[in-house]
Amino acid sequence: MIGASEPGKVVTRFAPSPTGFLHIGGARTALFNYLFARHHGGEFHLRIEDTDRARSTEPAIAAILDGLTWLDFEWDGAIVYQFARAARHAEVAHQLLAAGHAYRCYASPEDLEEMRAAQRAAKQPMRYDGRWRDRTDWPNDAPFVIRLRAPQTGSVTINDLVQGPVTVANAELDDMVLLRSDGSPTYMLAVVVDDQDMGVTHVIRGDDHLNNAFRQLALIRAMGWAEPHYAHIPLIHGSDGAKLSKRHGALGVDAYRDDLGLLPEAVENYLLRLGWGHGDDEFISRAQAVEWFDLAGVGRGPARFDLKKLESVNGHYLRAADDARLTALIDTKVGGVIGRDLTADDRNLLQRSMSELKKRAANLNDLASSSLFLLRSRPIPMDDGAAKLLASAGLGNLARARAALAGVADWSVPALETAARALAEAEAVKLGQIAQPLRAAVTGSSQSPGLFDVMAVLGRDEVLGRIDDALIATQEGASA
RNA sequence: GGUCCCUUCGUCUAGCGGUCUAGGACGUCGCCCUUUCACGGCGAAAACACGGGUUCGAUUCCCGUAGGGAUCACCA
């Protein structure tokens, strides 16, 4: 036993193959395992299935751990590396062989390919035909594999916690390979032995493994081990209903963080609601998720991935997030664009604007780009909308607005607004006639947070300076 | 193709025989708020795949059909 556990305690595990990044489907499987374990006060373990030496990589392992850590799915105990346990797997295979529950098969890959070709031609199901099942006339030095002597009659029913009772006839299953001719264990053997040794009580995984469960059960029964509970959750599909691929956002979770600028709690909440629901609740905290999560509520059909909804959920969490945290999260993004490290003053400026900025952003990238105008040095760049506003407003209005603002003694939001409104009234124009050109001059854009809020945070000198910049630029543009 | 599984608005879902004139959310559209954009508020269009049963009564139970998915390696 390598996974410490008390009798009756729930033990789950997440067991990814380190052949690539932690993708969104894997993250959801991890989430469900994590939540189920925590809900029952049990343990959540992590096992890296690195038996495929050709495809397993160190960077992939690092990416998986990084993703789980970012999502805050804290695992219990030490990480189990499957490859390191190969000797134990082989030991079980030989135990089975000695007990007569497994046998040597000397069929070569070519023999088997020939067999399958014949089955294909005859439109028969392609299954190992058991040709070595009862033979003992073993060639001396020929390589062989060890196959499980699986039951051939009757049927097996799994009471899957998600799928319900599922029955498969044993005749549908063939004798799977346990130990390869080079002595290495197959996945089927390794999974069963590791789950057993780790004390896993609930196997929660993608439903691409549902068929495997029946064969694994045969192995478990041959060993006389305790049978775990199974829960096979449907895979996530792309927006077109096809299997999730890179086209639909089957990215590593690091891409959700770095490229899409999403918050981990948003990704978690979205993943939780994908295939599972709790009444009409849309926003569910970690604590609530732990309290409410159950496997029976997981849908049996594949759910489609919807980036729009994920972004919407992210917007919700962004608006709820702490201003200092958000400021820290966009720090390097912003610094990269303006071409310098942020100063303490910069950060202070960002943080004081954050409550307004975050209402307008769906992700951290939007948040960072919408905050740039605060930190840019004069003269700040004008976008097309701003240039158009300034050109049509004319010099007079902007100059009069500047004069009105310059006369404001107390540089506060209400005082600035009062001054602008007074000017609009005196000129007999709508406030927008005054505010829009000002917005363009001060923010370089036709869209921004509340103008008076912006002016208040930027300060008198900076605001008047920016207006002067715009006046000069407009004058030059008009005379050119 | 064999086996297994699934099927409520475009999408995620609520519903677990009568509460359904089928609820919520995203998206879409309209209105309000308003100095812009957002946020927020209000409202609209939008679904029980189809056909048989069972039942006094089916979105809910059963069986077909269609559609979708998973899987059939000395890969995991």
Side-chain angles (χ1 to χ4, degrees), chain A residues 15-19 49-52 54-56 82 105 107-109 112-113 116 119-120 123-128 143-147 160 162-164 166-169 171-174 176-182 184-188 190-191 206-212 214 232 234-235 237 239 241-243 270 273-283 297 299-313 315 319 356-362 366 370 385 389 417 420-421 424 430-440 443 445-452:
Chain A
S17 310
T19 54
E49 309 216 316
D50 55 353
T51 54
D52 185 341
R55 294 198 299 150
S56 299
Q82 193 161 62
C105 169
S108 69
L112 295 175
E113 187 39 54
R116 279 189 279 266
Q119 289 168 338
R120 203 167 15 240
K123 293 191 173 169
Q124 295 294 313
M126 288 188 286
R127 283 195 284 268
Y128 175 69
F144 64 90
V145 298
I146 296 181
R147 286 183 184 270
D160 193 280
V162 168
Q163 305 291 340
V166 183
T167 302
V168 165
E172 299 294 331
L173 278 17
D174 60 7
M176 64 178 168
V177 173
L178 264 20
L179 209 61
R180 300 190 186 97
S181 52
D182 66 358
S184 67
T186 60
Y187 163 79
M188 288 292 191
V191 169
D207 72 359
D208 50 332
H209 289 289
L210 178 56
N211 293 277
N212 290 337
F214 294 92
H232 289 93
L235 268 19
H237 284 201
S239 52
K243 193 169 179 178
Y270 176 73
R273 284 284 292 103
L274 198 58
W276 183 85
H278 183 267
D280 286 342
D281 295 309
E282 294 290 339
F283 301 109
R300 300 194 217 176
R304 299 186 187 198
F305 185 80
D306 182 357
L307 191 58
K308 278 273 179 50
K309 181 140 187 177
L310 208 203
E311 284 229 310
S312 165
V313 172
R319 292 189 288 281
E356 284 301 309
L357 288 172
K358 68 187 182 186
K359 283 196 287 206
R360 295 165 171 76
D366 289 354
S370 69
L389 271 173
E417 179 161 0
R421 285 190 187 280
K430 290 190 169 185
L431 182 56
Q433 300 283 105
I434 304 293
Q436 281 302 85
L438 271 178
R439 182 190 314 283
T443 70
S445 169
S446 58
Q447 302 166 12
S448 81
L451 177 60
F452 306 113

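None of the values given here were measured: they were computed from a predicted structure. In the text below, chain A, chain B and the rest are named by the order of the sequence lines, each starting its count at 1.
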>> Distance check needed: B/G67 P versus A/His237 NE2, whole Å only.
In response: 17 Å
> NA contact type, A/Thr51, heavy-atom cut-off 4.0 Å: base, sugar-phosphate, or nothing?
Replying inline: sugar-phosphate
>> Partner lookup for B/A25, please. Criteria are Watson-Crick or G-U wobble with both distances under 3.5 angstrom; report none if nothing qualifies.
In response: B/U11
> Who does B/U71 pair with, Watson-Crick or G-U, both distances under 3.5 Å?
Replying inline: B/G2
> Roughly, in whole Å, what's the span from CD in A/Gln163 to P in B/G69?
Replying inline: 16 Å
>> Any base atoms under 4.0 Å from A/Arg116, or only sugar-phosphate, or nothing? Heavy atoms, all strands.
In response: sugar-phosphate
>> Which heavy atom of A/Pro234 sits nearest to which heavy atom of A/Asp207, and what is that distance?
In response: CA-OD2, 3.4 Å
> What is the nucleic acid contact for A/Val177, judged by heavy atoms within less than 4.0 Å: base, sugar-phosphate only, or nothing?
Replying inline: sugar-phosphate
> How long is the line joining CH2 of A/Trp276 and P of B/C6, in whole Å?
Replying inline: 21 Å
>> Treating primed atoms plus P, OP1 and OP2 as sugar-phosphate and everything else as base, which nucleotides of nucleotides 33-47 of chain B get B, S or - for protein heavy atoms under 4.0 Å?
In response: --BBBBSS-------
> Is there a side-chain contact between A/Tyr128 and A/Val177 (heavy atoms, below 4.5 Å)?
Replying inline: no
> Can you check the A/Glu311 CD to B/C12 P distance for me, whole Å?
Replying inline: 18 Å
>> In this structure, how many angstroms lie between the P atom of B/C72 and the CG atom of A/Leu210, rounded?
In response: 12 Å
> Do the non-hydrogen side-chain atoms of A/Asn212 and A/Met188 ever get within less than 4.5 Å of each other?
Replying inline: yes
> Picking from A/Ile434, A/Leu389, A/Leu451, what satisfies side-chain contact (heavy atoms from CB on, under 4.5 Å) with A/Arg439?
Replying inline: A/Leu451
> Is B/C56 paired to anything, Watson-Crick or G-U wobble with both distances less than 3.5 Å, and if yes, which nucleotide?
Replying inline: B/G18
> If you measure from the C1' atom in B/U65 to the same atom in B/A44, how many Å do you get, rounded?
Replying inline: 36 Å
>> Please name the nucleotide paired to B/A45 by Watson-Crick or G-U wobble geometry with both distances under 3.5 Å, or report none.
In response: none
>> Can you check the distance between B/A66 and B/G30, where both ends of the measurement are the C1' atom (answer in whole Å)?
In response: 38 Å
> At under 4.0 Å, does any side-chain N or O of A/Arg304 touch on OP1 or OP2 of B/G68?
Replying inline: no
>> Could you identify the nucleotide paired to B/U36, looking across every strand shown and requiring Watson-Crick or G-U wobble geometry with both distances under 3.5 Å?
In response: none
> If each of A/Gly275 and A/Pro109 is mapped to the nucleotide of RNA chain B with the nearest heavy atom, which maps nearer the 5' terminus, i.e. the 5' end?
Replying inline: A/Gly275
> Expressed in whole Å, how much space separates the C1' atoms belonging to B/U8 and B/G2?
Replying inline: 31 Å
>> Rounded to whole Å, please give me the gap between CG in A/Asp50 and P in B/A76.
In response: 11 Å
>> Between B/C9 and B/A47, how many Å separate the two P atoms, rounded to a whole number?
In response: 9 Å
> For B/C50, which nucleotide in any strand shown is its Watson-Crick or wobble partner with both distances under 3.5 Å?
Replying inline: B/G64
> Does the side chain of A/Cys105 come within less than 4.5 Å of A/Arg147's, by heavy atoms?
Replying inline: yes
> Roughly, in whole Å, what's the span from CG in A/Asp207 to C1' in B/G69?
Replying inline: 8 Å
> Considering only the C1' atoms, how many Å lie between B/G41 and B/C5, rounded to the nearest integer?
Replying inline: 44 Å
> So, is A/Arg127 close to the B/G1 phosphate, meaning a side-chain N or O under 4.0 Å from OP1 or OP2?
Replying inline: no
> In whole Å, what is the span from the CG atom of A/Asp208 to the P atom of B/G68?
Replying inline: 20 Å
> What is the nucleic acid contact for A/His232, judged by heavy atoms within less than 4.0 Å: base, sugar-phosphate only, or nothing?
Replying inline: nothing
>> Using side-chain heavy atoms (C-beta onward) and a distance below 4.5 Å, is A/Val162 in contact with A/His232?
In response: no
> Is there side-chain contact between A/Asp52 and A/Tyr187, with heavy atoms separated by less than 4.5 Å?
Replying inline: no
Can you give each donor-acceptor pair under 3.5 Å made by side-chain atoms of residues 275-282 of chain A, sequence neighbours left out, with the distance rounded to 0.1 Å?
{"unit_1": "A/Trp276", "atom_1": "NE1", "unit_2": "A/Asp294", "atom_2": "O", "d": "3.2"}
{"unit_1": "A/Trp276", "atom_1": "NE1", "unit_2": "A/Asp294", "atom_2": "OD1", "d": "3.0"}
{"unit_1": "A/His278", "atom_1": "ND1", "unit_2": "A/Asp281", "atom_2": "OD2", "d": "2.8"}
{"unit_1": "A/Glu282", "atom_1": "OE2", "unit_2": "A/Arg273", "atom_2": "NH2", "d": "3.4"}

>> Protein within reach of the bases, or only the backbone? For nucleotides 24-29 of chain B, mark each nucleotide 5' to 3' as B, S or -, using heavy atoms under 4.0 Å.
In response: BBSS--
> So do A/Glu49 and A/Val191 actually touch side chain to side chain, heavy atoms under 4.5 Å?
Replying inline: yes
